[in-house]
Amino acid sequence: MATFDLTLDMKKQSIIPQMVTTRVGDSESCTLNVHLTENGKPYNIGSASDDFPMVALHCQIPGGRKIIGYAHQYEGNTFSYTLGDYVTRRAGIIKVAYFQITRYTTTQIDLEHGAGSANYVIKDSTESFTIVVLPGNIGELPQDYIHELEVAMTALKQQTSDAANAELAREAVISVQREQINALRNRIETALADASDAYQKAVTAKEQAEDAVASANQAASDAAEAISAVNTKGLWCASAAKKADEAAAAANAAAESVRNIETIEDSIAVQAIESLLAA
């Protein structure tokens with residue numbers, strides 16, 4: 001048996017559809033293990049006990065007939081579906097196949113004259129995938145099968161080209177974003193460097209201002225000490241001058257006394273001489 005693991009998103013944004021391959025005449029031998037997601041996160045299908053979900057395959061087989069088949073077992077966001085012979089009756093490509101989830105839910109509502117309930121049908125579908133039915137020796141073989149095969153090859157080539165173009169576009173966007181990020185990083189680094197320089201200059205200016213204040217305070221202190229010293233020396237000089245004046249006055253007085261003594265001695269000498277002469 002062939003088993004295909006498919007991850008189908010409810011956002012339906014896949015660029016390249018996933019592919020399942022089977023053959024005309026195969027029946028109940030190709031199983032799809034399907035994981036449902038919504039924007040990349042697990043999509044909860046539900047359970048029969050709450051909203052009675054139904055999961056059905058929808059596709060249009062070669063020849064135009066539309067097929068709907070139901071999956072009867074599911075759990076969480078996973079279920080399995082086996083392709084029956086109604087899908088593999090005719091060779092060709094089923095370009096659009098998808099699963100539809102239908103919920104029947106009952107909601108309580110407030111009516112004008114009391115409470116009531118309303119039934120809702122909620123339908124959602126997955127992104128599409130492709131089923132390739134190869135030719136076999138049984139079943140209906142279309143006469144233009146070769147043409148369909150060429151169409152299939154063309155479609156595959158187109159898908160490959162689209163994928164390559166999408167990758168180139170993605171790389172171009174990434175390149176532009178990378179350049180923008182680098183330019184922004186350079187601007188941020190330049191701004192940080194400028195801010196660091198400005199901060200360092202501010203710190204230097206502050207230190208210089210503090211040094212200038214300290215120098216001014218020291219100069220003021222030195223000036224105060226100089227003024228105090230001058231005042232002290234001035235008082236000492238005044239005292240020394242006074243003492244010098246007093247010493248000079250004492251010297252003059254002493255000299256005057258000496259002169260007086262000499263005068264007295266001269267007078268005594270004269271008197272003595274006169275007395276001797278008189279005798």
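- Residues in residues 186-200 take part in no side chain to side chain donor-acceptor pair (under 3.5 Å) pair, two or more places apart or across chains.
- Remark: side-chain polar atoms of Q159 are not paired, donor with acceptor, to backbone N or O of I16 under 3.5 angstrom.
- Residues K12 and D124 meet the side-chain proximity criterion, which asks for heavy atoms closer than 4.5 Å.
- Across every non-hydrogen atom of A91 and V24, the tightest pair is N-CG2, 3.3 Å.
- Counting only distance, with no hydrogens or angles, the side chain of Y74 and the backbone of P53 share a donor-acceptor pair below 3.5 Å.
- You'll find the side chain of I94 reaches within 4.5 Å of the side chain of P62, heavy atoms only.
- Put simply, CD on E28 and CG on D85 are 7.0 Å apart, with the number rounded to the nearest 0.5 Å.
- K41 NZ to K11 NZ: the interatomic distance, rounded to the nearest 0.5 Å, is 10.5 Å.
- When atom types are taken as modelled, the side chain of T88 and the backbone of D26 share a donor-acceptor pair closer than 3.5 angstrom.
- In terms of hydrophobic clustering, with Ile, Leu, Val, Met, Phe, Trp and Tyr side chains grouped at heavy-atom distances under 4.5 Å, I67 and V20 are assigned to a common cluster.
- Between I93 atom CD1 and L134 atom CG the span is 9.5 Å, to the nearest 0.5 Å.
- For R65 (side chain) and V87 (main-chain N/O), no donor-acceptor pair under 3.5 Å exists by modelled atom type.
- Tracing side-chain contacts under 4.5 Å through hydrophobic residues (I, L, V, M, F, W, Y), one reaches Y86 starting from I131; they form part of the same cluster.
- Under a hydrophobic clustering in which Ile, Leu, Val, Met, Phe, Trp and Tyr are joined whenever their side-chain heavy atoms come within less than 4.5 Å, directly or via other members, L192 and L184 fall into the same cluster.
- The two residues A97 and C59 come nearest to each other via the heavy atoms CB-CB, 3.8 Å.
- Atom-to-atom distance recorded for N182:CG and Q177:CD is 12.0 Å, nearest 0.5 angstrom.
- The shortest side-chain heavy-atom distance between S175 and E171 does not fall under the 4.5 Å cut-off.
- Taking the six-membered ring for Trp and thresholds of 30 and 60 degrees, F129 and F99 have nearly parallel ring planes, at less than 30 degrees apart.
- When all heavy atoms are compared, the tightest approach of T7 to E127 is O-OE2, 4.0 Å.
- Considering OG1 of T130 and NZ of K95, their distance stands at 9.0 Å, rounded to 0.5 Å.
- Residue S125 comes nearest to Y98 through the heavy atom pair CB-CD1, 3.9 Å, listed as atom of the first residue, atom of the second, then distance.
- Residues F79 and L36 are in side-chain contact: their nearest non-hydrogen atoms beyond the backbone lie under 4.5 Å apart.
- The environment of OH in Y70 is sparse: at most 12 heavy-atom neighbours from other residues, nucleotides or ligands sit within 6.0 Å.
- Taking OG1 of T82 as the start and CG of L32 as the end, the distance is 7.5 Å to the nearest 0.5 Å.
- The minimum heavy-atom distance linking M19 with F4 is given by the pair O-CD2, 4.0 Å.
- Residues L8 and V34 form a side-chain contact, since some pair of their non-hydrogen atoms from C-beta on lies under 4.5 Å apart.
- In this structure, L57 and L83 have side chains that are in contact, with non-hydrogen atoms separated by less than 4.5 Å.
- Not counting sequence neighbours, the partners of E167 by the salt bridge (Lys or Arg N to Asp or Glu O under 4.0 Å) test are R170.
- Checked against side chain to side chain donor-acceptor pair (under 3.5 Å), T78 has the following partners two or more places apart in sequence or in another chain: H35.
- L168 and V173 fall into different hydrophobic clusters, where Ile, Leu, Val, Met, Phe, Trp and Tyr side chains are chained together by heavy-atom contacts under 4.5 Å.
- Across all non-hydrogen atoms, the minimal contact from V133 to R23 is CG1-C, 4.0 Å.
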